[in-house]
Asks: 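Have a look at this one.
So you know, we letter chains A, B, ... as the sequences are listed, proteins then strands, and number each from 1.
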Amino acid sequence: GGDDSATETNEQNVAAGQSQSEQKIIVKDAVIPAENPAASPETAIKRGDTVVVGLQEPGGVFTPYFNTSGYDGNVQSVMFEPLVDINEKGEAVAGLAEKWDIAEDGLVYTFTLREGLKFDDGTPLTADDIEFTLTLLHDPAYAGSTDITEASIVGGLDYKNGDATNISGIKVIDERTIEITTDKVSARTLRLLGGSVLKKDYYGNGYVKGNLDYLTALHQKPIGAGPYRFVTYLPGQEIRYEANEHYYGGAPKAKGFIYKTTVGDAQQFFQTGELDYSALAANQDNFEFLQALGFADINIYTSSAYGYMTFNHEKEVFKDPKVRQAFILGLDRQTIISTYYQGFAQVANVPVSPTSWAYTADVGSTAYDPEKAKALLEEAGWTLGTGDIREKDGKKLTVYYFTTAGGLGDTLIPIAKENYKEIGIDLQVEQMDFNALLARVDKGDHDLASFSTTMLPDPYNGVEGFHTKSTNSTFKGYGTEEIDQLIDATIATNDIEGRKAAFHELYKALEENPPVIYMAYTKVLSGANARIEGFEPNGYRGIASSLRNLRLAE
Amino acid sequence: MEIKQKSSSLWRQIARRFLQNKMSLIGLAFLIFIFLFSFIGPLFSPYVNLGVDPTNINQAPSAQHWLGTDKLGRDVLTRLMLAGRISLLVGLGAMVMSVVIGGVLGIISGFYRGIVDQIIMRIADVLMTLPGLPLLFIMAAILSEWKVPTEYRIYIVMLMLSIVGWPGLARLVRSQILSLSERQFMQATEALGLRDGRKLFKHLLPNIVPLLIVSGTLSVGGAILSESTLSFFGLGVVPPDASWGNMITSANSLIDFQKRPWLWVPPGLSIFLTVISINLLGDGLRDAIDPNMKRR
Amino acid sequence: MGNAVLDVKNLLTQYYTGDGVISAVNDVSFSIPKGQTVCLVGESGCGKSAVAMSIMGLIDAGSGGVKSGEILFEGKDLLKMKKHELRQLRGNDMSMIFQEPMTSLNPVLTIGGQIMEPLMEHELISKKEAKKRALELIELVGIGRAEEIFNSYPHQLSGGMLQRIMIAIALACSPNLLIADEPTTALDVTIQAQILDLLRSLKEQREMSMLLITHDLGVVAEVADYVIVMYAGKIIEEGPVVELFKNPKHPYTKGLLKAKPVINQRQEELYTIAGQVPNLATLTPSCYFSERCEQCMAVCKEQIPEIRDLDNGQRVACWLYEEVTIG
Amino acid sequence: MKGYVVKRLFYMIPTLFGASILIFFLYSLVPGNFIDADQNLTAERKAELYELHGYNEPVVIRYFIWLKNLLKGDLGYSLQFQLPVGEVIGNYIWSSFIVALASLILTWFIAILVGIVSAIRQYSIWDTFITIIVFAAMATPSFFLGLVIIKIFAVDLGWLPAGGMISTGSNFTGWDYVKDVAEHMILPVLVLTMLGIGGLTRYFRTNMLEVIKQDFMRTARAKGLKERVVIFKHGLRNALLPAITLFSFELPALFGGAIITEQIFNWPGIGAIYMQAFSVRDYPLLMGFTMFIAVLTVASNLLADILYGIADPRVRVKK
Amino acid sequence: MTNETPLIEVKNLKKYFGEKRGLFQRNASVVRAVDGVSFQIQRGETFGLVGESGSGKSTIGKSILRLQSITEGEVLFDGENLHKLSNAEMRNLRPKIQFIFQDPYSSLNPRIRVGDAIGEALLDHGLCDKHEVREKVKEVLEICGLSEYHMDRYPHEFSGGQRQRIGIARAIILEPDFIVADEPVSALDVSIQAQIINLFSKLQRERNITFLFISHDLSVVEHLCSRIGVLYLGTMMELGSREQLYSNPLHPYTKALLSAVPIPDPTLKRERIILKGDIPNPANPPSGCKFHTRCPFATERCKAEVPVFKEVEKGHFVACHLV
Ligand SMILES: Nc1ncnc2c1ncn2[C@@H]1O[C@H](COP(=O)(O)OP(=O)(O)OP(=O)(O)O)[C@@H](O)[C@H]1O
Ligand SMILES: Nc1ncnc2c1ncn2[C@@H]1O[C@H](COP(=O)(O)OP(=O)(O)OP(=O)(O)O)[C@@H](O)[C@H]1O
Ligand SMILES: [Mg+2]
Ligand SMILES: [Mg+2]
């Protein structure tokens, strides 16, 4: 039902374009169909039923769980479908698994596969394959980034660290059914268990516990069970797929799919028709650009990630929540966000995106209130000293802010400097590349540092770092027992309503004792060439879930 | 006697020849202008201390803002002037440094040969094995870790640019020197028993000045631009400070290119004109010291 | 002179210097009949090389050039000629031996290559043929081990060898006019004699004309048919060699002949012409030699003497003889 | 001569050794590493991975391990690509190479011509015009130039593809393939050429200005050689001597990739990959590649010295 | 001959060129430019060196002044082996021993004005004050027939002869004890040549300067030199006093040389000894007497046996089987 809202949003956009001074206007998520599909460039039309989408150069590891680059994940998602998928609200929906049951006690998971599932080589996909996949992830030699032990499968650690030859908690009931027993209730387990499935007699061919080296030979010869089948990989150029006739939903109508390597701005490629789909930086310029093309179906959706500026909680200054609150209130986030995103983002108030079921607008403030900030600082003992910089115990309130170059920073820095100066804070800025930023934050050199989360499949992912047990160094030094309990409560049940309440309670607590300055929920602006129908990107899975529906427009 | 004394001074002779060259005077005039523009100009701007103005972003040039405003509503003209301070210092500084370091090491290496040459050239080899950009990247990252204050960092970056830059010029100079050393006039200096210093600076140096001038002019432009590359990686000038390079860089989309030329044309033109006037100046200097040039 | 190969008329060649423009060649006229050798002698710096360069059209436009006059080569004015026409003459119909062989050869090309060039350019012969000819030429100018010299570079040869290479290059295409600017200064007398013999035989066999610039009066006496004496850019005396040597008219010419040391006639002190050449940039209308002339008169300091014919075929520009004729 | 070459080859060892130390320790000083770059990793997982990749060893030990492998010809194993570094380099380097080679040839060809012409016509309209163009190209950042070129030739005129190396999804073989690649090469080559030509032109112009005043040029003219021969054979030969050094800088650059140009044109080259490796701190790849370039650099410097000795007969290689 | 040590003593000097160069010229032959030459020059005398072009005269000159390395032999200056001195010692000695280059143009730096070129060594050795230099240079230039206005010009603005005089000025301004003059007057017209020769004589008379005078012009050599060596293909053929050599030449090559001197009298035609035969190759010199290939009196013995350099009368040495 995107069509109604589209016209509405369209007007909003025009309005946004006209009066930039009116800052509160926020573009709504919308699908705006192309005005002139006939304008599609010939390059694209000539390509027929092959769809081309831009992607940054992947690492070339196309075996799920083994990739180190997120782009490899995109490559995999075309040919591997998870057991449990996520919808645009962040809710779990059926993937390869037709359904799943979680026992009353929340510890036993029973997955039932769809009927007649096949890998793209035509061989059947069975519960054995799932067992193999989970076992492999427990292998002591496994060097990928998935930490399956968080699922707490019974016997998992014995396999990983001990002599066990199999994992006792995994039980194959029949070809289509598998039962997994865990020893801890966690709302996260479902996603951990419900990932992609590796074909046992392919990826497991020759498997010996403790040695996974043989797998590297298979990284570029994936066999999956997704809508498309891998054809070829031309490093630096493209990855080609063909429709998978063994896919349970039937082969997609668009017979070919290509991920083309693009770096940075892909506007020109979309414009010349070399790409059929492209996500662009969300801003008014690019929106107008897409509109002007005429042949672009525009889709604006909100990412599941959120941006934030973290405090270094180990520093004495930030031990006092009042100071942190002052930093939040003293920063004109609204101006920053609307100047930079031109309406294509909104100021964040809680650590979860508004697309999520866990979101609430009732908690947290987005206000800019320098007076209150000043008052809070005074209360915290930071009084104005020489040069209009606050001091306490002879120490000046000079804070070092680390951020990456480009992007929001260029807008944020000047404004933040001014804002903080006004309330008596001296903000020193250092830019560096992302990795350096991470390393230095890890060392605790910073006072403030900017980050953005990755896509957050579960709202828990948005808060887990705040836990004192979390080893995420970004939030080192933060947290209280009370907050820990509140965080734990959010995964202590599998019931969505229960979790929602738990999250809202947590968010309130976080407001009192802010771990970070929430910055923005950004939109993603994507254009699809109108000759192709079926792109329905969302903030959780991008285009992955909609690939099966790709077809040529009539 | 007066007059003769005058004409005898080599420098006066060069200066006279230089002043006869209209193009190089234009170059000089523009350089002086751009310096005044950058260092004194901001004093006359009403926008120097004005910060971000979100109500006024991306305005086309107008009576209030002669060169329009940027993405944060700042006056482009004022920013251009302030950016000039940094870019000019970086460009000229890097030029002087690289020409001096490269020139001196090249001359020494080509002149003394033997062990000195081996040492300098092997160091050059090693330095040249480190590709420029990442090396700067690394060094700048380290600098930041060492908490060097941000406002000084750009000058250290400048220093690094020339540290990375010297082996190239040094090798060029060295090969010229090797060739020159074989010329008979160098044998003549040997016969006269001239001091090495004189051989180096009076005999060899003038013969490589044209090379140094070219390399110097090229390095000004190079440095101004690579400064922005550093900014691109967040290692150069930190916002809200500006440099010409990063002013262009921040207008980095096709849309800005098309719709908002006032964002990139002024800094682009400034770099261009600076580089070209330095070149004119260099050409004038080259001709002034070139005994063969006698255009009337 | 109808059969003149070269006819130079009122040539004015100037150079630009720091002090101003100088007329290195000032209103010089002469001609070279076919098969004859004309020698140009004169004080160092008087413009002999400038005459040669002007004829060849090789003065760099940045440092000076021919300002007026005519240079007729086989009837055609070289100054009015198109570039490519002149080019085809150079090295082929007329060629030149430069005074300073060391700098006149390309340091990075082999000797052989440089000799072969005019051959291949003008005679349109194959490389192999050209090499053969080049080797012959090297032998011809009296250098042994031709094959090795062929492959060496200028810096590996001695001054005299380079000079002979220059000669070989100039002779490569059997020119009708050879301009030789001090071609034998670096040669020992036996080789000099050999080269002069060679030139003489070319002159006789092929009626080659030659403009020989030299200060070696012995050489002049041996090869010249006609001698021109220059001083400060002007011709001050000219005439057939025998007459001129026997009976020099101009005080400068007389001085020159006196100054020459002669073997077996050793004196303690050689005769010299006192004084300095005037600064070419600040010449006043006078006889340019007047400052140094032992017979200087009042008129000499006020007026430039015209060159005029004497009855014996000699010509001289000197007030001494004006008076004689007037008187 | 032979002795000299042998000696210089021998000197390459300490030089490369020094380079390897510098490279290794510089990279080890860079903040951040591959494992930390993945924010989703838990601390335990990180610790495990540190162990797995040997990051817990002291730097010096790691250096020697790396060096030992280097000496065995093993450049290491890319963390990001999960492939041997040599293989990763091999995957991308040739596409960088063909672009670099094409633009190298074009750049030198044009630069020589233009440099010479503007030297012999010093201060003519042509010289001024060229000077302006050269400096305009020089004052333009490469990404900007790339964007402009794309905008004009690919987007507005639609003459040429905006990027990539082959037409997406195409299966050309033989000549068609060559043609397709060639078509995609034009714009990046154009940009690289425009960027590279400026400096070179200036060098040639000065060198030529020095040479055309020499006496031997006069001799060449006196031989009646065509002006073309005079300039190109006699003049250029001498003017090219300093260019040998310049040329030696190009050799490593041929394999070094052009980071920004490749990114803008989506060219599957090593430059873009290098940058990407940098952003995820794939040190084995970074160090392996840098070392590879280092070897090329040192070798080409040696080559330049030898060539210089050959090309300029006056410079004898002194013992 | 006096008993005091000669100012210059050259002992068995050898200089071979053509160490293998170029990767591809593996077997480039070795040119024996100077092949075992010995002679002495007494203080205050002018020693003339004549000989065929390419016979190694310049090479000897440069080797003596250590402007080139030598292959073998010794060069003693005032009893000191020049080739064994340290660079610093050598530099201090330089102003005392000067060289006038055969090729003046290439020995001048194109970018240095001649006034500076002439004066710089004075400054550099601290022999003169900064403000006096110009005066001194002017003086020397005038002695050499040039004027003050030439000082500010660059080398390329001069004629060949003028450049040669610049070379001379540059050497004599240092008031050296010993000058190697390599064809110093070859490009000068006779009147200036006479001036220069007179200047040399005067310098010698007044300041007891020693010259090694390399020239082709035998009349000049006769005029200036008290003893003369005749070189052929890197070997000394004859050595003697002026009188001995000019009135009683013993070696056929010397005779040929003397007979070839052109006489400035167009009416006079003279009998010359024409040297025929193959021009020898210094890389592969003829066996026996090096001159035998061109000697009109050569015998079988000359082909086979190297003649010894013997003293035939006091101070008159010759290497020839026929005397
Ligand atoms: N390129 C030049 N620029 C300025 N003046 C020059 C240049 N070349 C020569 N001259 C001057 O022109 C005059 C004539 O020079 P030219 O070379 O013709 O003399 P010359 O008669 O050949 O003398 P020499 O016998 O010494 O070679 C000299 O005074 C010289 O200083
Ligand atoms: N750098 C060099 N490399 C190789 N051979 C050389 C070199 N310099 C001189 N020679 C050779 O050494 C020999 C002697 O040269 P030198 O210059 O001493 O002769 P010269 O007696 O001065 O002759 P000239 O009277 O012609 O000047 C020549 O055969 C020459 O080719
Ligand atoms: Mg001359
Ligand atoms: Mg010589």
Asks: Non-hydrogen atoms of chain D under 4.5 Å away: do they reach the side chain of A:Pro58, the backbone, both or neither?
Replies: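 A:Pro58 touches chain D through backbone heavy atoms alone.
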Asks: Heavy-atom distance under 4.5 Å to chain A: side chain of D:Ala162, backbone, both or neither?
Replies: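 For D:Ala162, the contact with chain A is made by backbone and side chain together.
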Asks: Considering non-hydrogen atoms only, spot the tightest contact between D:Ile166 and A:Leu234 and give its length.
Replies: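 Result for this residue pair: CD1-CD1, 3.7 Å.
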Asks: For A:Ala39, give me all partners under side chain to side chain contact (heavy atoms under 4.5 Å, CB included), at least two apart in sequence or on another chain.
Replies: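 Here the qualifying residues are A:Asn36, A:Phe295.
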Asks: Under a 4.5 Å heavy-atom cutoff, which of A:Arg240, A:Gln271, A:Lys260 has the most pairs with chain D?
Replies: A:Arg240
Asks: What part of A:Gln237 is in contact with chain D, defined as an atom under 4.5 angstrom from a non-hydrogen atom: side chain, backbone, both or neither?
Replies: both
Asks: Top residue by heavy-atom pair count (under 4.5 Å) with chain D, among A:Ile258, A:Leu275, A:Asp442?
Replies: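 Going by pairs under 4.5 Å, I would pick A:Ile258.
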Asks: Which atoms of A:Thr50 come close to chain D, meaning under 4.5 Å heavy atom to heavy atom: side chain ones, backbone ones, both, or neither?
Replies: neither
Asks: Scan for side-chain hydrogen bond (donor to acceptor under 3.5 Å, both in side chains) pairs involving residues 138-164 of chain D, sequence neighbours excluded, and state none if there are none.
Replies: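 Checked against side-chain hydrogen bond (donor to acceptor under 3.5 Å, both in side chains) - neighbours excluded - the pairs reaching residues 138-164 of chain D are B:Gln258-D:Lys151, D:Lys151-D:Asp156.
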Asks: I need the residue from A:Arg47, A:Glu274, A:Glu42 with the largest number of non-hydrogen atom pairs under 4.5 Å to chain D.
Replies: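 So the answer, after comparing A:Arg47, A:Glu274, A:Glu42, is A:Glu274.
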Asks: I need the minimum non-hydrogen distance between D:Pro268 and A:Gly236, along with the two atoms involved.
Replies: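 Where D:Pro268 meets A:Gly236 most closely, the heavy atoms are CB-O, 3.2 Å.
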Asks: Counting only heavy atoms not in A:Tyr71, do more than 12 sit closer than 6.0 Å to its OH atom?
Replies: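 Count not over threshold, so no.
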